[in-house]
Number of protein chains: 2
Amino acid sequence: MPGKTPRPTDSELEILQVLWANGPSSVRFVYEQISKQRDVGYTTVLKLMQIMAEKGLAGRDTSRRTHIYRARIAEEETQQNLLRRFMDTTFRGSASKLVLQALGNAKTSPEELDEIKALIQRMEDEQE
Amino acid sequence: MPGKTPRPTDSELEILQVLWANGPSSVRFVYEQISKQRDVGYTTVLKLMQIMAEKGLAGRDTSRRTHIYRARIAEEETQQNLLRRFMDTTFRGSASKLVLQALGNAKTSPEELDEIKALIQRMEDEQE
DNA sequence: AAGTATATACGAAAGTCTTCGTAAATGCAA
DNA sequence: TTGCATTTACGAAGACTTTCGTATATACTT
């Protein structure tokens, strides 16, 4: 029985990104990755990861001295959940408004645009 | 001199949505709109709006007994800021990943898809 | 004028998140 | 073995958010 859909905070998401991108990792490794981007204390990261384990966002192997943490929620599924919520609160549920702003704002490469066009084509085809 | 880009919380965003959609409004009106969607106390909304005025997210006309509040940050600009942050934390900055998930997930109407296709076309044209 | 309804003001409680200091345990090196 | 480095454990402070009870002010109604 899965409880409510988990709502990782920004800090937790920061850690999850490292775990998703690199697989199971030690606290030190995660700490080093995050340190590249901003100042943070080692024990701060440790504490966050411990809490994430308590919450069920992460699991850990404690069989050795250096514990190894792994993400316990899937990347895409989590993104879906967060995206849905974000779309609701910020764009009143309008996917197209969100997409238009996302595309209009960031520089998107031609390849990415093609990818998106292909998806739209597929969606339109399905609708018949 | 604008300070840092404002970061409205979910509750504040909920209120801003009402103000953006309906223009300057009384606390009671905002309270009634939000009440349609979830349970909330009148004084809770009042307090939030007072805090928003302190923070500069909202302005208010206190010339009459019933104060009238208005949004003091623009809708699109705020969406842009929040979107950028969200894209970074949740999608590691990848606009296309976000867009693909947004389209793949929600039901988007043919009209909206056309709109998006048109935008992509425009962007590709500009790139030559 | 008295009483009722509505509005704002104030403050505080409860919950969460982030941060980190300090202590204790564990492994390594000389 | 002794000492040093690394790791986890614990706890607590500080900031922020959300919530609402209570008090006070203002207007309306009869």
Side-chain angles (χ1 to χ4, degrees), chain A residues 3-19 24-35 37-70 73 78 82 85-86 89-90, chain B residues 3-19 24-35 37-70 73 78 82 85-86 89-90:
Chain A
K4 311 225 160 287
T5 68
R7 266 276 251 165
T9 66
D10 280 358
S11 295
E12 289 167 345
L13 218 38
E14 205 178 17
I15 291 169
L16 284 171
Q17 296 290 8
V18 177
L19 297 179
S25 312
S26 67
V27 173
R28 179 147 302 275
F29 179 78
V30 173
Y31 161 71
E32 277 162 2
Q33 299 305 308
I34 294 178
S35 289
Q37 305 198 318
R38 67 180 183 97
D39 253 12
V40 65
Y42 176 83
T43 53
T44 300
V45 177
L46 168 66
K47 179 69 164 184
L48 284 170
M49 291 175 75
Q50 287 171 337
I51 291 173
M52 288 170 72
E54 278 176 22
K55 288 186 183 175
L57 299 178
R60 61 175 173 174
D61 173 0
T62 61
S63 63
R64 284 190 249 179
R65 185 161 105 97
T66 299
H67 297 179
I68 300 298
Y69 288 75
R70 70 178 195 286
I73 57 179
T78 301
L82 294 176
R85 218 185 201 76
F86 178 74
T89 60
T90 305
Chain B
K4 310 222 160 289
T5 68
R7 267 275 251 164
T9 65
D10 280 358
S11 295
E12 289 168 346
L13 217 39
E14 204 178 18
I15 290 168
L16 283 172
Q17 295 292 6
V18 176
L19 297 180
S25 312
S26 67
V27 173
R28 178 148 303 274
F29 178 79
V30 173
Y31 161 72
E32 278 162 1
Q33 300 305 307
I34 294 178
S35 290
Q37 304 199 317
R38 67 180 183 98
D39 254 12
V40 67
Y42 175 84
T43 52
T44 301
V45 176
L46 168 65
K47 180 68 164 185
L48 284 171
M49 291 175 75
Q50 287 171 337
I51 290 172
M52 287 171 71
E54 278 176 22
K55 288 185 182 175
L57 298 179
R60 61 175 174 175
D61 173 0
T62 62
S63 64
R64 283 190 251 179
R65 183 162 104 96
T66 298
H67 298 180
I68 300 298
Y69 288 75
R70 70 178 195 287
I73 57 179
T78 301
L82 294 176
R85 218 184 200 71
F86 179 74
T89 60
T90 305

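Here is how names work: the chains are called A, B, and so on, in the same order as the sequence lines, proteins then strands, and each is numbered from 1. Side chains are part of it too, since the values below use all heavy atoms of this structure and drop only hydrogens, waters and symmetry mates.
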Report the distance from atom CD1 of I73(B) to atom CE of M52(B), rounding to the nearest 0.5 Å.
7.0 Å

Quickly work out the [X] [atom1] to [N] [atom2] distance and round it to whole Å.
X      : N       : atom1 : atom2 : value
E54(B) : dA9(C)  : CD    : P     : 10 Å
D39(A) : dC20(C) : CG    : C1'   : 13 Å
I34(A) : dT19(C) : CD1   : P     : 10 Å
M49(B) : dA9(C)  : CE    : C1'   : 15 Å

Give me the distances for all protein-to-nucleotides 13-18 of chain C N/O pairs that come in under 3.5 Å?
unit_1  : atom_1 : unit_2 : atom_2 : d
dC17(C) : OP2    : K55(A) : NZ     : 3.4
dT18(C) : OP1    : S11(A) : OG     : 2.9
dT18(C) : OP2    : T9(A)  : OG1    : 2.9
dT18(C) : O5'    : S11(A) : OG     : 3.4

Quick one: do R38(A) and D10(A) make a salt bridge, cutoff under 4.0 Å?
no

Answer yes or no: is there a side-chain heavy-atom contact under 4.5 Å between [X] and [Y]?
X      : Y      : answer
L13(B) : L82(B) : yes
D61(B) : P24(B) : no
T78(B) : P6(B)  : no

M49(A) vs V30(A), test: side chain to side chain contact (heavy atoms under 4.5 Å, CB included). Steps then yes/no.
CA-CA 9 Å; M49(A) 291 175 75; V30(A) 173; 3.8 Å; yes

So which protein N/O to nucleotides 5-8 of chain D N/O distances come out below 3.5 Å?
unit_1 : atom_1 : unit_2 : atom_2 : d
dT6(D) : O2     : R65(A) : NH1    : 2.6
dT6(D) : O2     : R65(A) : NH2    : 2.7
dT7(D) : OP2    : R28(A) : NE     : 2.4
dT7(D) : OP2    : R28(A) : NH2    : 2.8
dT7(D) : O4'    : R65(A) : NH1    : 3.3
dT8(D) : OP1    : H67(A) : N      : 2.8
dT8(D) : OP2    : Y42(A) : OH     : 2.9

Carefully, step by step, assess E54(A) and Q50(A) under the rule side chain to side chain contact (heavy atoms under 4.5 Å, CB included).
CA-CA 6 Å; E54(A) 278 176 22; Q50(A) 287 171 337; 5.6 Å; no

Does T89(A) offer a backbone N or O that forms a donor-acceptor pair with the side chain of Q17(B) under 3.5 Å?
yes

